[in-house]
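For ligands, and for the atoms within them, numbers begin at 1 and follow the listed sequence.
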Amino acid sequence: MRPHVDTPANGTSPGVGRRSLLKAAGATAIASAVAAAGSGAAHASEDAPWDVIVIGAGYAGGTVARELTARGLSTLVLEARDRIGGRVWTSTFAGERVELGGGWFGPGQQLVERELERYSIGTTLDVAPTVAVMPDGNGYRSAPPEETFGRLGTLFDEFYAGSAEYFSRPLEPLHRKDLLQSVDRLSLADRIGQLDLSPVDHQWVAGSTAPFAGSNDWGGLTGLAQWYQLAGGTYDGFHSTMSLRPDGGMTSVLSAMFAESTAVVRLNSRVTSVSRAGAWTQVRLSGGQAYRSRVVVVATPVNTWNTIAFTPGLPKVHTDAVREGVGVPHATKVWLHVRGSSEAVYAQSDETGPIQLLLPQQELPGGRLYVGFTGPSLDVSDRAAVQAAVRRFIPKATLVGHRAMEWSKDTYARGGWGLRRPGQLLRQLPAIQEPHGQLVFAGSDIASGWYGAFVEGAIESGLRAADQAVTLAH
Ligand SMILES: Cc1cc2nc3c(=O)[nH]c(=O)nc-3n(C[C@H](O)[C@H](O)[C@H](O)COP(=O)(O)OP(=O)(O)OC[C@H]3O[C@@H](n4cnc5c(N)ncnc54)[C@H](O)[C@@H]3O)c2cc1C
């Protein structure tokens with residue numbers, strides 16, 4: 001069977017028909033969204049000036065669009081892909097609904113909880129593992145999950161020691177700026193190097209942090225430590241951030257947000273330039289079409305900001321962020337249909353493993369689905385290599401099929417979830433959240449709280465950006 005690997009330029013899945021893709025993307029909502037905004041903000045035609053143009057229809061852009069139209073501002077959303085959702089992409093594999101990007105919520109993510117309640121969307125608890133497979137020197141060993149997670153908890157306490165103080169208010173990451181001076185400059189690898197770990201404990205810790213960073217040299221300690229404290233400062237809390245799935249898929253909540261908004265959404269609309277001229281800002285698409293507005297909200301991933309020509313140019317903090325990168329450079333999520341074990345296997349490798357993290361998903365007749373996060377060493381288009389990688393954890397496994405999404409090769413993401421690099425927290429916040437003239441910035445990559453790897457942060461930043469845009473538009 002030919003492996004299914006998504007490295008799309010425009011987000012179109014070769015394996016999913018256009019009809020089902022549009023359905024998954026909430027196209028019905030979009031089609032009905034061409035309407036006048038409330039409070040007399042009726043919009044004559046798309047060529048007439050808009051109050052606000054939002055670039056990007058991910059969770060951040062969707063939040064902005066809903067909030068602005070609720071406040072009576074005419075709003076146009078321009079999205080490069082043929083679907084909404086961005087780094088959230090609900091699709092199908094092995095006849096099942098799967099998430100190729102963001103997949104889970106965690107308890108305590110209050111903005112997401114509010115959205116679920118608003119649209120009466122329930123959640124399903126993820127599959128609990130029945131066995132945990134962990135590195136053990138040159139091989140792997142299996143143990144009951146409670147025993148494994150207990151040991152990981154002890155190691156995490158050591159790794160994150162001090163974070164309860166330097167992130168005593170984790171939703172306000174700069175609250176103890178004084179304490180951050182000595183830790184924000186550390187990479188994950190630096191922090192691991194400070195600990196006196198046995199070789200196996202080193203494999204466990206480095207293998208636990210690497211899936212979030214691609215490589216421990218790249219990610220910053222405070223990036224992960226903030227999430228750890230947001231999750232309550234325990235391993236169990238951190239683990240539970242990937243425990244809940246919204247019924248209908250991750251795109252369903254965003255579809256509901258767009259359905260409520262009266263913004264006009266144009267898909268297949270890649271923005272190439274944003275230029276200020278007098279009272280208006282002109283936004284031009286790759287096809288040459290141009291729109292005007294008083295305010296523009298840039299709700300695209302930080303790693304893509306340099307694909308748009310801004311006049312005047314972006315401030316240094318923004319250009320530095322793009323150059324350094326915020327979206328992790330290796331972020332490949334692979335769905336695996338596996339036969340050969342009745343167990344629900346949780347597995348981790350050391351930092352260099354081809355699959356760094358394996359999570360059990362639903363059981364299928366005669367098999368099970370798994371989600372894997374791969375390391376740079378695995379070529380996901382090589383079926384034999386993928387099967388061999390699974391067999392490291394489950395020796396009798398047979399790979400029935402797999403589908404991988406390589407986010408770093410995606411034109412409109414240019415990376416995966418966001419993880420701050422060493423020093424970025426102190427260097428970037430709060431300046432990167434500030435408007436620049438009539439330009440406003442949104443996106444999980446620049447959120448304060450659950451930034452980067454969480455839809456919660458995209459909503460947080462969207463709410464902030466909407467407030468800023470309202471002020472600038474009046
Ligand atoms: C593999 C993976 C797993 C993840 N797992 C989780 C998880 O389990 N839970 C969780 O909460 N979060 C998870 N995340 C993170 C989450 O998906 C993101 O934080 C969130 O979706 C980001 O939303 P956003 O609106 O800020 O950006 P995006 O979703 O990236 O939206 C930006 C939009 O801008 C568009 N765009 C880009 N350039 C242009 C242009 N020039 N013109 C027009 N449009 C443009 C893009 O196409 C995109 O639609 C994961 C992410 C990845 C990649």
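When each of Glu172, Gln226, Arg464 is checked for a side-chain hydrogen bond (donor to acceptor under 3.5 Å, both in side chains) with Ser448, only Arg464 meets the rule.
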Give every pair formed by an N or O atom of ligand 1 and a protein N or O atom closer than 3.5 Å, one pair per line with both atom names and the distance to 0.1 Å, or write none.
| from | atom 1 | to | atom 2 | distance (Å) |
| --- | --- | --- | --- | --- |
| ligand 1 | 8 (O) | Gly103 | N | 3.1 |
| ligand 1 | 8 (O) | Trp104 | N | 2.9 |
| ligand 1 | 9 (N) | Trp104 | O | 2.7 |
| ligand 1 | 11 (O) | Trp104 | O | 3.4 |
| ligand 1 | 11 (O) | Val455 | N | 2.8 |
| ligand 1 | 12 (N) | Ala453 | O | 2.7 |
| ligand 1 | 14 (N) | Ala453 | O | 3.4 |
| ligand 1 | 17 (O) | Arg87 | O | 3.3 |
| ligand 1 | 19 (O) | Ser444 | OG | 2.8 |
| ligand 1 | 19 (O) | Gly452 | O | 2.8 |
| ligand 1 | 25 (O) | Tyr59 | N | 3.2 |
| ligand 1 | 25 (O) | Ala60 | N | 2.9 |
| ligand 1 | 26 (O) | Ser444 | N | 2.8 |
| ligand 1 | 27 (O) | Arg87 | NH2 | 3.2 |
| ligand 1 | 29 (O) | Gly85 | O | 3.3 |
| ligand 1 | 29 (O) | Arg87 | N | 2.9 |
| ligand 1 | 30 (O) | Arg87 | NE | 2.8 |
| ligand 1 | 30 (O) | Arg87 | NH2 | 3.4 |
| ligand 1 | 41 (N) | Val271 | O | 3.0 |
| ligand 1 | 42 (N) | Val271 | N | 3.0 |
| ligand 1 | 44 (N) | Ala80 | N | 3.1 |
| ligand 1 | 47 (O) | Glu79 | OE2 | 2.6 |
| ligand 1 | 47 (O) | Arg81 | NE | 2.8 |
| ligand 1 | 49 (O) | Glu79 | OE1 | 2.6 |
| ligand 1 | 49 (O) | Glu79 | OE2 | 3.2 |
| ligand 1 | 49 (O) | Gly86 | N | 3.4 |

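Note: Trp227 and Phe454 have perpendicular aromatic rings, judged against thresholds of 30 and 60 degrees for the angle between ring planes. The aromatic rings of Tyr235 and Phe156 sit perpendicular to each other, their planes meeting at more than 60°, with 30° as the lower class boundary.
Within the cation-pi definition used here (under 6.0 Å to the ring centroid, within 45° of the axis), Arg83 qualifies as a partner of Trp89. Cation-pi check for Arg270 over Tyr412 is not met; the charged atom does not lie both under 6.0 angstrom from the ring centroid and within 45 degrees of its normal. Cation-pi geometry between Arg403 and Trp335 is not met: the NZ or CZ atom fails to fall both under 6.0 Å from the ring centre and inside 45° of the normal.
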